[in-house]
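Data first, discussion second: the structure below is written as C-alpha cells.
Position 1 is the first residue of the sequence; numbering continues from there.
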Amino acid sequence: MVLEATMICIDNSEWMRNGDYSPSRFQAQADAVNLICGAKTQSNPENTVGVLTMAGKGVRVLVTPTSDLGKILACMHGLELGGETNLTAGIQVAQLALKHRQNKKQQQRIIVFVGSPLKYEKKVLEAIGRKLKKNSVALDIVDFGESDDGKPEKLETLLAAVNNNDSSHIVHVPPGSNALSDVLISTPIFTGDGDGGSGFAAAAAAAAAGGMTGFDFGVDPNIDPELALALRVSMEEERARQEAAAKKAAEEAAKQEKEGDQASSSHDATMAEQDSGSALPAEDKRVNLMQDDDDALLEQALALSMNDAKSGNVAIVDADMSDSATADQDLAFALQLSVQDSAKDLSTQSEMSEVLEDQSFVSSILSSLPGVDPNDPSVKDLLASLQGQSEQKKKEDKPESESDK
C-alpha cells in the first residue's frame, strides 16, 4: 500500500453553478472529492488528505493534511461560489502544505479539479509542472466542464511537464448523464499504478459515499471476499446480540409484572387482616358494655340495700338477697356484706338511744366537759329533742315487732 499525503484543489468559481453535470457542477465535484478522500484514507491508515479552494476571494486552505475523514468531509459544506479559478496559485499553496507534512516518508500528490476556463499560457503551466517534478510531487488532473478555450491542451502540457514514470494522470469527463464520481471510480486516480490495495480503496470509498456499488455492506465479494465475509459475520453477531438483549428485556419486564402481582396480593391479605383485627375490638367493646351493665346493676342493688337497711326493712332485703343469690353468687355475697353493715349501724343507733335515756349519765358527761354548762337552756333543749326522737323511734319499732309476733 502506498503511503501518501494528498492535497485536493477544488474549483469553486461561478462556473460551478452550471447544471450540465447532475445535479450541478459543484455538487458533482463534491461527491467525487468525498470518494477520493475515502479511498485515500482507507487504502492506508497513515495516509493524510487536505483540501483547499482556488476561487472566491483567493486560495484558501480548508483542511491541512489529516487522516480524520470526518473533518475532511465536513469542510465541504457551506462553501461559497464566486470569482475565477486561480490554478497556479492553488497548486503552489498545495505544494507548500505538502512540504510541511509531519511524516516526511509520505509521497506527495496533488489532485486538481478544473471545471472553468483557463487564462494561463502554456509556458506558465510548463514552469509549474517542472517545479512539481523537481520536488517529487505527483499531479492528478480532473478536467470537466468548458473546453472551447483549449483547456484540455493546456492541461496536457502541464501533465507532460510534471509526469515522472507515469506517476501523474489526467481524466477528461464530458458532460452527460453519468455522475462525475462514477466516471472517476474506474480511472487510475482511484486504481493507482500497481497498488494491490487500490480495489479495496475504491470499494471502501464507494461505501463511504452511500453504497453506490450495490453490494452488501458496500464491498464487492469478488474483489475482497475475506472482508465481505468478515462484515457479514460481524453483522450476524450484532443481530444475535440485539435479539438476546431484547429477550432479556422481555424476561425482566415479565418478572417485574409478576412481582407487582405478588405485592398486590400481599397488600390485599394485609387489608383483610386489618379488617379482621378491627372486628375483634368490636367484640371486646360488646363484652365491655355487658360488664358495664352488670356493674351498674350491682351498684343499683347495693344502693337499694343500703336504703332498705336504713329504713329497717331487713326482711325485704333478705328476700331480695335470696332472689338475687339464685342469679349471681357474687351479687348475693355483696348484698350480704351490705346487710351486715346495716345491722351494725342499727345496733349502734339503738345503743345510743339507750344512753340518751339515762339523764344522770348524760349530765355527768356534760359536766365533765370543760366549758360546758349542763344547766344551759340550749343544752337542755338539745337533750330534750334527742330524747323525743328516741321515744318516737321506740314507738315506731314497737308495732312492727308485735306484728312480727
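- For Q92, there are no side-chain hydrogen bond (donor to acceptor under 3.5 Å, both in side chains) partners two or more places apart in sequence or in a different chain.
- Counting only residues at least two apart or in different chains, salt bridge (Lys or Arg N to Asp or Glu O under 4.0 Å) contacts with residues 80-100 comprise E84-K119.
- Between atom CG of residue L81 and atom OG of residue S24 there is a gap of 8.0 Å, rounded to the nearest 0.5 Å.
- Residue pairs satisfying the ring-ring contact (aromatic ring centres under 6.0 Å, His included) criterion with at least one member in residues 85-107, sequence neighbours excluded, are absent.
- Applying the salt bridge (Lys or Arg N to Asp or Glu O under 4.0 Å) test to every pair with at least one member in residues 8-28, sequence neighbours left out, gives these pairs: E14-R17, D20-R25, R25-E146.
- The list of salt bridge (Lys or Arg N to Asp or Glu O under 4.0 Å) pairs with a residue in residues 53-77, not counting sequence neighbours, is empty.
- Screening residues 100-115 for salt bridge (Lys or Arg N to Asp or Glu O under 4.0 Å), with sequence neighbours left out, gives E4-R109, R109-D140.
- For the side chain to side chain contact (heavy atoms under 4.5 Å, CB included) test, residues two or more places apart in sequence or in another chain that qualify with A89 are V59, N86.
- A side-chain contact (heavy atoms from CB on, under 4.5 Å) with L139 is found for exactly one of V112, L159, I111, namely V112.
- Evaluation of the ring-ring contact (aromatic ring centres under 6.0 Å, His included) test over residues 52-81, restricted to residues two or more places apart or in two chains, returns none.
- In this structure T64 satisfies the side chain to side chain contact (heavy atoms under 4.5 Å, CB included) test together with V61, sequence neighbours excluded.
- In terms of the side chain to side chain contact (heavy atoms under 4.5 Å, CB included) criterion, residue partners of K133 (sequence neighbours excluded) are, by chain and number, N164.
- With sequence neighbours excluded, the residues forming a side-chain hydrogen bond (donor to acceptor under 3.5 Å, both in side chains) with Q27 are D31, listed by chain and number.
- Contacts classified as ring-ring contact (aromatic ring centres under 6.0 Å, His included) and involving residues 114-144 (residues at least two apart or in different chains) are given here: Y21-F144.
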